[in-house]
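Written out below as structure tokens is the structure these notes cover.
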Amino acid sequence: MSKRNDVPYRNNLPENLIPKQWLNIRAFMKEKTPPLINPATLKPCTVSDLEPVFCTELAKQELDDTTPYIDIPEEIYNFYKMYRPSPLIRAYCLEKELDTPAKIYYKFEGNNTSGSHKLNSAVAQAYYAKEQGLKGVTTETGAGQWGTALSMACAYFHIPLTVYMVRGSYLQKPHRRTVIQTFGGDVIPSPSDTTNAGRAILEKFGKDCSGSLGCAISEAVEKAVTGDKVKYVLGSVLNQVLLHQSIIGLEARAAMEMYDEYPDIIIGCAGGGSNLGGLIAPFMRDKLLGHSDPYFIAVEPASCPSLTRGKYVYDFCDTGKVTPLAKMYTLGCEFIPSANHAGGLRYHGMSPVVSKLYHDGYLNEARSYEQTKVFEAATYFSRCEGILPAPESSHAIKAAIDEAVKCKETGEEKTIFFGLTGTGYFDMTAYESYKAGTMTDYVPTDEDLEKAFANIPDFGI
Ligand SMILES: *Cc1c(COP(=O)(O)O)cnc(C)c1O
């Protein structure tokens, strides 16, 4: 089936072949993902439990584990057409440089102004907020990609937005903050004194606390539930976000099909699990239906190793313990990872869907890399392929390179496909520190992890 030289560098689907439905992988799972639990009742969450926090339509999507395909509303589809399809690129230059018999493909989601895949869900969530006639939405942002994407989407649908930005990033990435403000978003560094959750964390960890995603989530949720016609939106982890991100995998599968290609190995970086969940969705469907058997790899930072070293238990999705409980691989909701340049991967938990697929062995492997190794791969990649990758995405690059090198050793002509989730233009401080040799690799000790595990509440479920 080798069509080595027929495949173009950039395989863009024609506009009329952009998928018109999202794929809900939960509908294909033999064993369903354990439900979200309301911590007050210890019963599975219902739409009415979620409605005080989330838009109604999104709450429905969150709990829907039976509808296999969900129509993409026309207004969202029209927005998608402004920047989609994203290119599926055959990495000819990287293959040549590595001198590997493997074929390498990547799906590049950094071609929009927000610079990452997060826009795919941001536009959907802003649309449903508008449809419901809300007066505003709140959210958190870690590295800033989600805040940027959401501010673009909210500007388009004329919805006021408040963003709690993890203080470390707020200080480290002032330009991200300014982009969000330019699109009209109100940015507050977290932990802040604007919420009870923020004040409690400030008291416990001090005013120089660099914050965490989990902590910013608590603040944004509190702001939403105490506001009038304001709801909370989230850029990862949730089932609805994975649903929206399925556009990535669906486009990729369709584009590959045009050239009779199908990946043997599929690789995605994993923070909260949304790009990975979306990237693998149609291929995982094929696998669950017994039609194919690709090998899936999730890649995370060694500094925040939820899949590789976490526990598969019920835990809160945030540090302030105000969210529902999710069964997921977690380091403990109070785990605050060390500063790491892949800010988008610094989350204590993992999507319940990705967690379940990994637990059941359908997602074959999780691995972690230290950040200097990741930047080495990022630098190598940028010189072959002419794209400056985001540190988060570079975790997947590193794994793809390692797999391609293995193919060279064994002579196997495998087809490797990975998600290149974004650009690294706002991460130049990180690149600088890598180049200067001042970048360090912090890996939590078993003792550190045990301390964090001890804070996972035991609900007896
Ligand atoms: C946010 C982000 C990630 C990680 O988030 P997931 O939900 O795990 O996909 C990865 N890459 C980039 C560029 C991001 O902005």
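Starting from 1, each residue takes its place in the sequence as its number. Just so it is clear, the values below take in all heavy atoms, side chains as well, and ignore hydrogens, waters and symmetry mates. Counting convention: from 1, in listed order, for ligands and their atoms alike.
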| said: Less than 4.5 Å apart, side chain to side chain, heavy atoms only: is that true for P352 and V237? | reply: yes

| query | Backbone, side chain, both or neither: what part of L345 comes under 4.0 angstrom of ligand 1, heavy atoms only? | reply | side chain

| How about Y156 and Y127: are their ring centres within less than 6.0 Å of each other? | no

| Check: S306 side chain, M350 main-chain N or O, donor-acceptor pair, under 3.5 Å | no

| request: List the atom of H348, the atom of F316, and the distance in Å for their closest heavy-atom pair. | output: NE2-O, 2.9 Å

| For Y105, is the NZ or CZ atom of R90 found under 6.0 angstrom from the centre of its six-membered ring and inside 45 degrees of the ring axis? | yes

| request: For ligand 1, indicate whether the residue S274 contacts it via side chain, backbone, both or neither (heavy-atom separation under 4.0 Å). | output: both

| note | among protein heavy atoms, the one nearest atom 4 (C) of ligand 1 is G344 O, 3.4 Å

| request: Could you tell me whether A143 approaches ligand 1 through its side chain, its backbone, both or neither, with non-hydrogen atoms closer than 4.0 Å? | output: neither

| said: Need the ligand 1 atom indices (1-based, order shown) with element for anything under 4.0 Å from a heavy-atom of G271. | reply: 8 (O)

| said: Could you check, using the six-membered ring where one of them is a Trp, whether Y362 and F28 have ring centers closer than 6.0 angstrom? | reply: no

| said: Looking only at protein heavy atoms, which one is nearest to atom 7 (O) of ligand 1, and what is the separation? | reply: S236 OG, 2.4 Å

| said: Against Y83, only a single residue in N120, N111, N112, T113 fulfils side chain to side chain donor-acceptor pair (under 3.5 Å); can you say which? | reply: N120

| message | I want to know if ligand 1 touches N275 in the polar sense, i.e. an N/O pair below 3.5 angstrom. | response | yes

| said: Taking side-chain hydrogen bond (donor to acceptor under 3.5 Å, both in side chains) as the definition, give me every residue that meets it alongside T421, ordered by chain and number, with sequence neighbours left out. | reply: S393

| query | Which bit of K118 gets closer than 4.0 Å to ligand 1, counting heavy atoms only: side chain, backbone, both or neither? | reply | side chain

| query | What part of H117, side chain from CB on, backbone N/CA/C/O, both or neither, has a heavy atom under 4.0 Å from ligand 1? | reply | side chain

| request: Tell me whether the guanidinium CZ or amine NZ of K223 lies under 6.0 angstrom from the six-membered ring centre of Y164 and within 45° of its axis. | output: no

| note | Per-atom filter on ligand 1: closer than 4.0 angstrom to a heavy atom of A270 are 8 (O)

| Polar side-chain atom of S121 near backbone of K118 as donor-acceptor pair, under 3.5 Å | no

| field | A390 N/O to ligand 1 N/O under 3.5 Å | value | no

| Nearest non-hydrogen protein atom, atom 12 (C) of ligand 1 | T421 OG1, 3.3 Å

| Numbered atoms of ligand 1 (with element) below 4.0 Å of E392, judged on heavy atoms | 10 (C), 11 (N), 12 (C)

| For ligand 1, which atoms have a heavy atom of S116 less than 4.0 angstrom away? | 13 (C), 15 (O)

| query | Against heavy atoms of C269, which atoms of ligand 1 measure under 4.0 Å? | reply | 10 (C)

